[in-house]
Amino acid sequence: MKEVRTRFAPSPTGYLHIGGARTALFNWLFARHHGGKFVLRIEDTDRSRSREEFLADILDSLSWLGLHWDEGPYFQSQRMELYREHAERLLDEGKAYRCYCTPEELEEMRKRALAEGRKPKYDGRCRYRKDQPDLPYAIRFKAPLDGVTVVEDLLRGKVTFRNEELDDLIIVRSDGTPTYNFVVVVDDALMGITHVIRGDDHLNNTPRQILLYRALGYPVPKFAHLPLILGTDRTRLSKRHGATAVSAYREMGYLPEAMVNYLARLGWSYGDQEIFSLGELVEKFSLENVSKSPAVFDPEKLLWLNAHYIKEEPPEEIARRLLPFLKEEGIEVNLGEKLIKAVKTLQPRAKTLKEMASQAAFYFRPPTSYDQKGVEKFFTERASEFLERFKEAIKGVPFTEEALEATFRRLCDELEIKTKDAAQAVRLALTGRTVSPGLFEVMDVLGPEEVIKRIELAQTVCGRPAHAAEADRTPGV
RNA sequence: GUCCCCAUCGUCUAGCCAGGCCCAGGAUACCGGCCUUUCACGCCGGCGACGGGGGUUCAAAUCCCCCUGGGGACGCCA
């Protein structure tokens, strides 16, 4: 059997978005699953809208997701000669013709057709034209006027189009540049693409493309049209629905593993399984299990998967990826033992790396203020006494979670203070907040000197009800 | 408007092709409980769907038809 070759062909007119990423993923998975090749091609024939910045974003995002291409990127802008030759050939063979209609005229015809409730369609007025006026012209493909064209879709089966529904599409613009439906055929044919896997929005283009393959004498590849990804309002996912760029999720602290896993399950399934690694996806992916109906993008489920991978991956790895997010928080640390320990305490608590960075901040700088409600509730005189005794007590025990907890509990009994109240006072002293990872793991990360230092700092505000009204102020004043 | 595609919990989906094992399973979200030094995690439980109507059949979520609904396409964009 012939080697499977798939491609992803984005146009650099926008960031790589969720939908494009899923198309890329499915193509990549299909090729990998069948031991074939995945080709990257950049469709930059629209020179005015293409931008370098978008190209970089697409390449970076694909790499970030782990979707490495075996060939390319090819650039259509560098293949113009090829398209010109093909167009010329069709012209010579009488399979295409010059059209002198102006865009304005065509626009006019379209409007009228729509207004009269007809399908807007070129009437072919230049098709039989014999003269060749000295005017700018576009080149149109001469499509059959009757009969049908059948698309054999791997997902949907036979889809039949009546040729009379199709019109003579423009393959070369009056400025000499080729159009999408034409270049895509030339390129897919020349690049030996065996399976064209793309969005449902291309299904209507497919019969025209098949006609072009035939006219050009190239073999027709297999097609599979994926259902579109929709926003919550059930219209095609777009910027209006919030963040849609893959890079935006990366910046928000999502892991590529979570994104890939989510994208894979959006329109594809494998029984009841929810969690898949890339390798597992390669092994299990099949077009047969791709659903035919459009799917609504659900950020909540993506978030859940992200939280899952944050919990599951090795702390060292998470710590490494956390670094840039810490930097954004103004925290410059190296990938040391303290960071890794801190990450361990945060793994079950953070849903994104960004969130984790913010939660981790207190490990690296002492509180500059204390949660106001917490101060009122927990920085009582009793707590003040407890802090003093606890501070002294821990100096005499080994600094391990177990020993610290034992000491803590003993002291609670002795001073007849509820563990909850004591714990919250200590938590507030150490972190400045009423919410944090477990007390003793926090202490373990901070180390004895820092713990004592922070308790002493807290003692300057704890147990001074007169000042409670202005709580949340800078401690030590 | 015309053409094309689609139709199971709010959402992602299993089941459908090879009808009975499905008064429909999983996940997420939400609600409740347990665990507990806070918050999470985790565990347990709950809520929640076969769009409607006709057929075919002993039997239909599963097969057929119609309706409805949703989406997409109709560019000298890709």
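Computed from heavy atoms alone, side chains included, the values below leave out hydrogens, waters and symmetry copies.
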Could you tell me the separation between the [atom1] atom of [X] and the [atom2] atom of [N], rounded to a whole number of Å?
| X | N | atom1 | atom2 | result |
| --- | --- | --- | --- | --- |
| A:D200 | B:rC4 | CG | P | 14 Å |
| A:L263 | B:rU13 | CG | C1' | 16 Å |
| A:D167 | B:rC3 | CG | C1' | 12 Å |

So [X], base contact, sugar-phosphate only, or nothing? Heavy-atom distance under 4.0 Å.
| X | answer |
| --- | --- |
| A:R234 | sugar-phosphate |
| A:S174 | base |
| A:L439 | base |
| A:L228 | sugar-phosphate |
| A:C101 | base |

(Q) Could you check whether A:D187 pairs with A:R7 (Lys NZ or Arg NE/NH1/NH2 to Asp/Glu carboxylate O, under 4.0 Å)? (A) no
Which nucleotide, in any strand shown, forms a Watson-Crick or G-U wobble pair with [N], with both distances under 3.5 Å?
| N | value |
| --- | --- |
| B:rC50 | none |
| B:rA73 | B:rU2 |
| B:rG42 | B:rC34 |

Picking from B:rU37, B:rG10, B:rA78, the nucleotide nearest the side-chain atoms of A:R173 would be B:rA78
Side-chain contact check for A:R236: nearest option of B:rC6, B:rC41, B:rG72 is B:rG72
*Does the B:rG26 base have a donor-acceptor partner in the side chain of A:E274 within less than 3.5 Å?*
yes
Practice task
Would you check, one step at a time, whether the test side chain to side chain donor-acceptor pair (under 3.5 Å) holds for A:E53 with A:Y15?
Solution key: CA-CA 8 Å; A:E53 175 198 355; A:Y15 301 100; 2.8 Å; yes
